[in-house]
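Quick note on labels: first sequence line is chain A, next is B, and so on, each numbered from 1.
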2 protein chains.
Amino acid sequence: MAVQTVATHTDLSLGPAAALSCRECGERFPLGPVFACEACFGPLEIAYDLPEGDPEELRRRIAAGPDSIWRYAPLLPVPADVAGKPNLNPGFTRLVKADNLARELGVTGGLYVKDDSGNPTHSFKDRVVAIAVEAARAFGFTTLSCSSTGNLAGAVGAAAARAGLRSCVFIPHDLEQGKVVMAAVYGGDLVGIEGTYDDVNRFCSELIGDPIGEGWGFVNVNLRPYYAEGSKTLAYEICEQLGWRLPDQLVVPIASGSQLTKIDKGLRELIALGLVEDRPYKIFGAQAEGCSPVARAFKDGHDVVRPVKPDTIAKSLAIGNPADGPYVLDIARRTGGAVEDVNDGQIVDAIKLLARTEGVFAETAGGVTVGVTRKLIEAGVLDPTLTTVVLNTGDGLKTLDAVAPTTGPSAIIRPNLDSFREAGLA
Amino acid sequence: MAVQTVATHTDLSLGPAAALSCRECGERFPLGPVFACEACFGPLEIAYDLPEGDPEELRRRIAAGPDSIWRYAPLLPVPADVAGKPNLNPGFTRLVKADNLARELGVTGGLYVKDDSGNPTHSFKDRVVAIAVEAARAFGFTTLSCSSTGNLAGAVGAAAARAGLRSCVFIPHDLEQGKVVMAAVYGGDLVGIEGTYDDVNRFCSELIGDPIGEGWGFVNVNLRPYYAEGSKTLAYEICEQLGWRLPDQLVVPIASGSQLTKIDKGLRELIALGLVEDRPYKIFGAQAEGCSPVARAFKDGHDVVRPVKPDTIAKSLAIGNPADGPYVLDIARRTGGAVEDVNDGQIVDAIKLLARTEGVFAETAGGVTVGVTRKLIEAGVLDPTLTTVVLNTGDGLKTLDAVAPTTGPSAIIRPNLDSFREAGLA
């Protein structure tokens, strides 16, 4: 594993972030653009000095903050004045009370959809990239980079443009034109790599270790510990939008698994700070059957996640070797949740179900979470009498192909009333 | 002009809406699903009994309201409890302080982009449709309908789904598949009409006059007076987000012209209520050169707008015979603004300029307003030392074709450092 040797920083303005801490051995390191433990090669995450004092005062402070993730700046690795810096101000997206969907699914305890398609580039990636941008600024990086096949490319391009950073994003050279346009329109450098997505990632690792990569922040590699913390804001927002209350059950998609683990971390922080009551919650992980290594391990009772070769329409979740898989298994088991998967047909059905009942057009990843919710209710695993929050992390406009073959006009008619009557829609 | 004969309502729960009033002769009518004056066939609009009292108290009431257009319910034709009804809760979108774009354009007085791509279906149409839904409920309509070639179809389908209304949307049968999918995914009826968009509109007028159309609310026909008021919320939000301050200059796109006239109405209401200081503002209208009948009339000093046949990539603005054209001319002249147009190349350049500087990917309509802003500054018409707000009313994901031919990778390389060096991007 390539650990970049850089000067570490002790007087960084990254708010309550105190250090990097190894998730495996607990060893602590100064804040810096590193992502793996020098001692055991375990993944590093941010350790905080979180604010102390009256929870009611902290709630007031948050409520008086901006309508974006920056209202939670006191709990994030960002400078206190972050809201005044040029960034995309993502977050504080709608928590939709999904009463129509609840009726269809038989949920009586309150069903909510956290709809992250309202973010600036229409996926939750804006949250994580916004935190990575602040880390990049703190470490003096001038180029923001990533490998991507979709949402992340646009999020990085847009955030870098607004922040005044150069961006250089790497993609497989044979992506569909629509995705290439979304990644390129923000004017940064977009480099097509002749090879697979794995080849792109290998090339990026090489670049980080090379002098060319000096001054480059790869949001999901050397800035990963910071980047990943952005997902905590989903937990914060859900609880605040529920009136500073924990939901009983959450259904979260799994790609690398990072988002699910950080949502759990966010919920535990809120409890520790006294912002919500300390009571049990269950986290359910959702995968597509065509890329379900974590669901497989959960069902088989394994602690180890065996990599798979993805084959699913839910491309934003298609990570065959999810780095945080074992942590996801821990959380699902510790909280009394589960990990389940649905097939492509069920994903499409669930996208349409959510659109038809709530007017929310989700990306395939949203079809995965809604589909898994339905499946878990039918199986008696998810309790329909409890408050449940389902995540939609992206936008249907970006995965039109998934529903296009089965979505079209009810009728084609001539422009007159007789023709309309004949169509049987009057 | 077809005036639907229906029972009118005097005890409707439509908040401060008091009556319908003719914009031409001033005649007043009870609230109902009618859109043209019985006396002179002029267009009807809502007359209000607006709240009286301390502006500071009203500002506090608004600030304590929901993060959607419903914070302004006391100023809209909607019931007081609207926020508790199932709807998409549009609005309160980001007002982006566009310092990077300001530098490029030489604006020193503060430049802002009101980015309505953050709405639930990613265009400002969610605002107007949300108001139409409340009118439909009040009048007992059970089907929500419209003719559309784009944004409106999705907005109506989504809003009806969530509100539990049936929807039936009419489109030309030969639309691109992507647009058909966006209109059909919400599960309402979508009817393709063999004919042009004009044929679709003629058919809808016929339907409103026929018994089949009883119980049907056409958002932009028989519900138009209510629907149109939704655009006022853009004015309210801009002023509140500026700290209850009027901008000096606004640049607004023109399709039918309704949005621009309602933004002016909203600003005048805020002044009348004492919510903002009474001082001059200028409104500038923006059209695409391929459909610029209002800009033409403005430049020629005419009061009459001569219809044109649209031919532009800005399809959401392609209304050749804009109903509110004369009112737009009045407002531009009265406020000291102007109406200008840009060609397709300038629209594409402006989309890219906004994306590159601020990370905002706009629909072609946003390219029109940004392009016109640039043109008016260069011409010395728009004053760069004054506070200026430019509207982006839609999302670039919906008009990818506009930028696709000129947007792509900087380089295609093999997955190694030598190949990357050769590309000159290191």
Original post:
Top residue by heavy-atom pair count (under 4.5 Å) with chain A, among B/Pro415, B/Ala184, B/Ala158?
Top reply: B/Pro415
Original post:
Which bit of B/Val169 comes within less than 4.5 Å of chain A, counting heavy atoms only: side chain, backbone, both or neither?
Top reply: neither
Original post:
At a heavy-atom separation under 4.5 Å, does B/Ile212 approach chain A through its side chain, its backbone, both, or neither?
Top reply: side chain
**OP:** Please name all residues satisfying salt bridge (charged side-chain N to carboxylate O under 4.0 Å, His left out) with B/Glu194, sequence neighbours left out, ordered by chain then number.
**Re:** none
**OP:** Heavy atoms only, distances under 4.5 angstrom: which of B/His173, B/Arg166, B/His122, B/Glu206 has the most pairs with chain A? Name it, please.
**Re:** B/His122
Original post:
Judged by modelled atom types alone, do A/Thr93 and A/Asp116 share a side-chain donor-acceptor pair under 3.5 Å?
Top reply: yes
Subject >> CA sep, side-chain torsions, deciding dist, call: A/Glu358, A/Asn392, side-chain contact (heavy atoms from CB on, under 4.5 Å) >> reply: CA-CA 12 Å; A/Glu358 304 298 343; A/Asn392 171 39; over 6 Å; no
Original post:
Of all of B/Pro120, B/Ala161, B/Ser410, which one pairs up most often with chain A through heavy atoms under 4.5 Å apart?
Top reply: B/Ser410
Original post:
If you count heavy-atom pairs under 4.5 Å with chain A, which of B/Asn119, B/Val200, B/Leu190 comes out on top?
Top reply: B/Leu190
Subject >> Largest heavy-atom contact set with chain B, pairs under 4.5 Å, which of A/Asn416, A/Val403, A/Asp199 >> reply: A/Asn416
**OP:** Over all heavy atoms of both residues, which pair between A/Glu104 and A/Thr357 is shortest? Give the atoms and the distance, please.
**Re:** CG-CG2, 3.8 Å
Original post:
Can you check whether B/Val133 reaches B/Leu144 side chain to side chain, under 4.5 Å on heavy atoms?
Top reply: yes
Subject >> Greatest number of heavy atom pairs closer than 4.5 Å to chain A - which of B/Leu354, B/Leu397, B/Val96, B/Thr143 >> reply: B/Leu397
Subject >> Test of ring centre spacing under 6.0 Å for B/Phe92 and A/Phe92 >> reply: no
Original post:
With chain B, which of A/Ile413, A/Ile171, A/Ile193 has the greatest number of heavy-atom pairs at distances under 4.5 Å?
Top reply: A/Ile413
**OP:** Using non-hydrogen atoms and a 4.5 Å limit, figure out which bit of B/Asn100 sits close to chain A: side chain, backbone, both or neither.
**Re:** side chain
Original post:
Which one, A/Gly187, A/Ala411, A/Ala423, leads in non-hydrogen pairs under 4.5 Å with chain B?
Top reply: A/Ala411
Subject >> Spacing of A/Phe170 atom CZ and A/Cys146 atom SG [to the nearest 0.5 Å] >> reply: 9.0 Å
Original post:
Thinking salt bridges, do A/Arg71 and A/Asp67 make one under a 4.0 Å N-O criterion?
Top reply: yes
Subject >> Choice from A/Val181, A/Val191, A/Val185, A/Leu400 maximising heavy atom contacts with chain B below 4.5 Å >> reply: A/Val185
Original post:
Judged by modelled atom types alone, do B/Ser123 and B/Glu363 share a side-chain donor-acceptor pair under 3.5 Å?
Top reply: no
Original post:
A/Asp115 versus chain B, heavy atoms under 4.5 Å apart: side chain, backbone, both or neither?
Top reply: neither
Original post:
How many angstroms lie between CH2 in B/Trp70 and CD in B/Glu134, if you round to the nearest 0.5 Å?
Top reply: 5.0 Å
Subject >> Winner by heavy-atom pair count (cut-off under 4.5 Å) against chain B, out of A/Val360, A/Asp189, A/Val180 >> reply: A/Asp189
Original post:
With chain B, which of A/Lys398, A/Arg202, A/Lys97, A/Arg94 has the greatest number of heavy-atom pairs at distances under 4.5 Å?
Top reply: A/Arg94
Subject >> Under 4.5 Å from a heavy atom of chain A, the part of B/Ala404 involved >> reply: both
Original post:
Checking B/Ala98 against chain A: side chain, backbone, both or neither under 4.5 Å from a heavy atom?
Top reply: backbone
Original post:
Using non-hydrogen atoms only, which part of A/Gln177 is less than 4.5 Å away from chain B: side chain, backbone, both, or neither?
Top reply: side chain
**OP:** Heavy-atom distances under 4.5 Å only: say whether B/Pro86 touches chain A with side chain, backbone, both or neither.
**Re:** neither
Subject >> A/Leu207 side chain near B/Leu417 side chain, heavy-atom distance below 4.5 Å >> reply: yes
Original post:
With distance as the sole criterion, is a donor-acceptor pair present between the side chains of A/Thr406 and A/Lys352 under 3.5 Å?
Top reply: yes
